Amino acid sequence: MPKKVDHRERREVIARALWRVVERRGVTQLTMRVVAEEAGMSLGQLQHYFASRTAMLSFAMDFASEQTSVRVRQGLERLGNRPHPRDVLRVTLAEMLPLHADARATSRMSAAYVLEALHDRAVHEQARRGLTQGRSLVEELVRQAIADGYIGPGHDPATETNLLLALTGFTPLIELTVIEPREALAAIDAHLDRLFSGT
């Protein structure tokens, strides 16, 4: 009896191959043929799972977002029950930066996706929805921290959310070795300390 193929698993294999292509060669080399070679399959096999480059890229980006969420969840589990909101925000921000191999892969994938989104309306809408959803989750954390008295009531949740997410802008500085990862984390800690001390 022929072995049943797990389509989701094969799609994830392709997505990881796409990440590797982006990481090693850059987005300009991102073709279905190159990804198929990286995944160890024929172009025809890859096209069985993805009808177009855009469909393949969109799935790879969704998968990257899922993996980031998994890493954040694992980080929060390590904090134990009822973690301090400052620690929750630190884990969330740190996992958005290219501080280790998995995060670098998903970070570079995200950068490639944003470039694609600038020129493809369908990709743009999907990317915008994802970023909007992620931003809303951070703002919800900030609003709850204000409501619970961890952050002073004089802080505007929307502005504080934007400032926190601006800290993920350290990505190119880390990638191009302008600053060290520890320097980015130190800046995140300094900002969170000020936010939660009320100054």
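Every heavy atom of this structure was used, including side-chain atoms; hydrogens, water molecules and symmetry mates were not. Everything quoted here is computed from the prediction, not taken from an experiment.
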K.L.:
Side chains of residues 92-105: which donor-acceptor pairs under 3.5 Å do they make with residues two or more places apart or in other chains?
P.N.:
residue	atom	partner	partner atom	Å
Thr92	OG1	Val88	O	2.8
Glu95	OE1	Arg71	NE	2.7
Glu95	OE1	His100	NE2	3.2
His100	ND1	Ala103	N	3.4

K.L.:
Could you walk me through whether Arg108 and Trp19 pass the side-chain contact (heavy atoms from CB on, under 4.5 Å) test, one step at a time?
P.N.:
CA-CA 8 Å; Arg108 291 173 185 179; Trp19 294 358; over 6 Å; no

K.L.:
Phe50 vs Phe59 aromatic rings, parallel, tilted or perpendicular, using cut-offs 30° and 60°?
P.N.:
tilted

K.L.:
With clusters defined by side-chain heavy atoms of hydrophobic residues (ILVMFWY) lying less than 4.5 Å apart, directly or transitively, does Ile174 cluster with Leu165?
P.N.:
yes

K.L.:
Would you call Arg90 and Leu185 a side-chain contact if the rule is heavy atoms closer than 4.5 Å?
P.N.:
yes

K.L.:
Will you find, in the side chains of Gln126 and Ser58, an N or O donor that is under 3.5 Å from an N or O acceptor?
P.N.:
yes

K.L.:
Rounded to the nearest 0.5 Å, how far apart are OH of Tyr113 and OG1 of Thr106?
P.N.:
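Answer rounded to 0.5 Å: 14.5 Å.
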
K.L.:
Which pair of heavy atoms, one from His124 and one from Ala117, lies closest together, and at what distance?
P.N.:
CB-O, 3.2 Å

K.L.:
Give me the atom names and distance for the closest heavy-atom approach of Thr171 to Thr168.
P.N.:
OG1-O, 3.0 Å

K.L.:
Can you spot which of Val91, Leu192, Leu195 makes a side chain to side chain contact (heavy atoms under 4.5 Å, CB included) with Arg86?
P.N.:
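Of all the options given, the one that passes is Leu192.
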
K.L.:
Going through the distances and angles, do His191 and Leu163 end up as a side-chain contact (heavy atoms from CB on, under 4.5 Å)?
P.N.:
CA-CA 9 Å; His191 180 78; Leu163 288 170; 4.1 Å; yes

K.L.:
How many angstroms lie between CZ in Arg33 and CG in Leu43, if you round to the nearest 0.5 Å?
P.N.:
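Rounded to the nearest 0.5 Å, the CZ-CG separation comes to 5.0 Å.
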
K.L.:
Donor-acceptor pair, Arg135 side chain versus Thr161 backbone, under 3.5 Å?
P.N.:
no

K.L.:
Between Ile14 and Val34, is there a shared hydrophobic cluster once you connect ILVMFWY residues whose side-chain heavy atoms come closer than 4.5 Å?
P.N.:
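Hydrophobic grouping puts Ile14 with Val34.
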
K.L.:
Measure the spacing between NE2 of His48 and CZ of Arg11 and express it to the nearest 0.5 Å.
P.N.:
9.0 Å

K.L.:
Would Leu30 and Arg25 satisfy side-chain contact (heavy atoms from CB on, under 4.5 Å), going step by step from the backbone distance to the final call?
P.N.:
CA-CA 8 Å; Leu30 192 58; Arg25 308 188 199 182; over 6 Å; no

K.L.:
Taking only residues two or more places apart in sequence, or in another chain, which ones meet Arg20 in a side-chain contact (heavy atoms from CB on, under 4.5 Å)?
P.N.:
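Applying side-chain contact (heavy atoms from CB on, under 4.5 Å) to Arg20 gives Arg16, Ala17, Arg24, Glu38.
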
K.L.:
Roughly how far, to the nearest 0.5 Å, is CE of Met109 from CG of Asp62?
P.N.:
9.5 Å

K.L.:
Please report the shortest heavy-atom distance between Met32 and Ser52, naming the atom on each side.
P.N.:
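Nearest heavy atoms, Met32 then Ser52: SD-C, 3.6 Å.
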
K.L.:
I'd like to check Glu116 versus Leu57 (side-chain heavy atoms, cut-off strictly below 4.5 Å). Are they in contact?
P.N.:
yes

K.L.:
Given side-chain contact (heavy atoms from CB on, under 4.5 Å), test Glu183 with Leu173 step by step and report yes or no.
P.N.:
CA-CA 10 Å; Glu183 295 176 282; Leu173 298 178; over 6 Å; no

K.L.:
Show the nearest heavy-atom pair for residues Met61 and Ser110, with the distance to one decimal.
P.N.:
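Met61 and Ser110 have their closest heavy atoms at CE-OG, 3.2 Å.
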
K.L.:
Got a second to check how far Thr31's OG1 is from Leu18's CG, nearest 0.5 Å?
P.N.:
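So the gap between those two atoms works out to 9.5 Å.
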
K.L.:
Could you measure the distance from the CZ atom of Arg10 to the NE2 atom of His7? Nearest 0.5 Å is fine.
P.N.:
9.0 Å

K.L.:
For Ser42 and Gln45, which heavy atoms make the closest approach, and how far apart are they?
P.N.:
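Heavy atoms of Ser42 and Gln45 come nearest at N-OE1, 2.8 Å.
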
K.L.:
Treat each ILVMFWY residue as a node, draw an edge where side-chain heavy atoms are under 4.5 Å apart, and state whether Leu79 and Val138 are in one component.
P.N.:
yes

K.L.:
Could you tell me whether Arg8 and Glu12 have a side-chain N and a carboxylate O separated by less than 4.0 Å?
P.N.:
yes

K.L.:
Taking the side chain as every heavy atom from C-beta outward, state whether Pro157 and Ile146 have any pair of such atoms under 4.5 Å apart.
P.N.:
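Yes. Closest side-chain heavy atoms under 4.5 Å.
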
K.L.:
For Phe170, check ring pair (Phe, Tyr, Trp, His ring centres under 6.0 Å) against everything at least two apart and list the hits.
P.N.:
none

K.L.:
Is there a continuous path of hydrophobic side-chain contacts, each under 4.5 Å between heavy atoms, that joins Val22 to Val13?
P.N.:
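No, Val22 does not connect to Val13 through the hydrophobic network.
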
K.L.:
Where do Leu164 and Val142 come nearest, in terms of heavy atoms and distance?
P.N.:
CD1-CG2, 3.6 Å

K.L.:
Linking I/L/V/M/F/W/Y whenever their side-chain heavy atoms sit closer than 4.5 Å, directly or via other members, would Leu115 and Met56 fall into one cluster?
P.N.:
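Yes, Leu115 connects to Met56 through the hydrophobic network.
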
